[in-house]
Amino acid sequence: MKNIVVVGGITPKKFGHEFVTRARSQGHRVKVLTWRPPNQSLPDTDWGDFHDLQHVVSKFNSLVQDLDHIDILLYNANGESYPDNSSFFTSTCQPLDVKAYHNGLDVQVVVPHALSLAALAKMDHTSSLVFMTTGLALDHKRTGWTHLSGYAGSKSWQTHLMLAFAHNNDKQAISVAISPFFDYQNPERCTATIDRAVNLITNLNSEHNGQIL
């Protein structure tokens, strides 16, 4: 049995929630920290304000206080992704929304960095930090979905964050990013992809360190 912390993971039928459900069914202890208050009380689940770093780190530490060891931290939160419209890149664009920029940076970069540091306090060489990335962040030659600058850019930064943890963390914890395609319009295919992702995340080893999987 592993002690797993999932950041995100309360939206039904989405990967984070499916991961939590499957991992618990396999006997793992799974705690969930979400960026928005759940509609109802859920076991081993709490929420934090991701735009208040001290608050979210405090909530994380409180959530895991009864765990002596963290085996996996899966950062699956996906918040605001500004700028995300082609009109933002034209000469007629209105003043930029600086707050929206900062909100995306909080959720995709600052908070995963801070929570990874908090998790490391209870990790060792058998533990894993798992980040989510996307092909949009890795492909600079694409001509599709180019307006999703905020999403692609923040995921790119998070991927470099993963690499930095892979080679610099003092607990020798494994650090990886996964880049699956969840085809929610094709339930059979999506289920198979989720199953593979769950199996991969719960069976990482040092050979995976620093990789995009």
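All values derive from a computational prediction rather than experimental measurement.
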Just by distance, do the side chain of [X] and the backbone of [Y] share a donor-acceptor pair under 3.5 Å?
X    : Y    : value
S154 : G150 : yes
K31  : L63  : yes
R142 : W145 : yes
N169 : A173 : yes
T134 : L136 : yes

For the residue pair [X] and [Y], establish whether any side-chain heavy-atom pair is separated by less than 4.5 Å.
X    : Y    : answer
D183 : T193 : no
S156 : H160 : yes
I194 : C190 : yes
T191 : R189 : no
L129 : I174 : no
H51  : V107 : yes
S127 : K171 : no
S149 : D84  : no

Looking at every heavy atom in both [X] and [Y], which two are closest together, and how far apart are they?
X    : Y    : result
N61  : A118 : OD1-CB, 3.8 Å
V32  : G8   : CG1-O, 3.0 Å
K155 : A77  : NZ-O, 4.3 Å
Q211 : M162 : O-CE, 3.7 Å
H208 : V176 : O-CG1, 3.2 Å

Modelled atom types, side-chain donor and acceptor of [X] and [Y], under 3.5 Å:
X    : Y    : value
Q108 : N78  : yes
T133 : T159 : yes
H69  : D124 : yes
N199 : D195 : no

Q) Aromatic rings F182 and F15: how do their planes relate, parallel, tilted or perpendicular, breaks at 30° and 60°? A)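 If you compare the ring of F182 with that of F15, the planes turn out parallel.
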Let me check something: do [X] and [Y] share a hydrophobic cluster, defined by ILVMFWY side-chain heavy atoms less than 4.5 Å apart, either directly or through other members?
X    : Y    : answer
V20  : V198 : yes
L117 : F50  : yes
L115 : L74  : no
V5   : V111 : yes
I72  : Y75  : no

task = Could you pull out all residues at least two apart from A114 that satisfy side-chain contact (heavy atoms from CB on, under 4.5 Å)?
result =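 Partners of A114 under the side-chain contact (heavy atoms from CB on, under 4.5 Å) test: L53, V57.
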Next item on the list: List in chain and number order the residues that pass side-chain contact (heavy atoms from CB on, under 4.5 Å) with W47, two or more places apart in sequence or in another chain; answer none if no residue qualifies.
Entry: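 Result, side-chain contact (heavy atoms from CB on, under 4.5 Å) vs W47: T34, P37, P38, D49, K59.
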_Can you tell me if H55 has over 12 outside heavy atoms packed within less than 6.0 Å of its NE2?_
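Atom NE2 in H55 is packed in, count exceeds 12.
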- Task: Would you indicate whether D68, at its atom CG, is surrounded by more than 12 heavy atoms from other residues, nucleotides or ligands within a distance under 6.0 Å?
- Result: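 Open.
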- Task: Using ring-ring contact (aromatic ring centres under 6.0 Å, His included) as the criterion, list what pairs up with F60, not counting sequence neighbours.
- Result: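 F60: no ring-ring contact (aromatic ring centres under 6.0 Å, His included) contacts found.
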Nearest-0.5 Å distance, CG of residue N168 to CD of residue Q172: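 Between atom CG of N168 and atom CD of Q172 there are 11.0 Å.
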**Prompt:** Looking at CG of D46 and OG of S62, how far apart are the two atoms once the value is rounded to the nearest 0.5 Å?
**Reply:**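 D46 CG to S62 OG: 6.5 Å, rounded to 0.5 Å.
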H147 ring center near F88 ring center (under 6.0 Å):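 Not close enough - the centres of the two rings lie 6.0 Å or further apart.
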For R22, is there an ion pair with E18 - N to carboxylate O distance below 4.0 angstrom?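 Between R22 and E18 there is a salt bridge, with a charged N closer than 4.0 Å to a carboxylate O.
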Carboxylate-amine/guanidinium contact D44 R29, below 4.0 Å
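Salt bridge between D44 and R29, a charged N being under 4.0 Å from a carboxylate O: yes.
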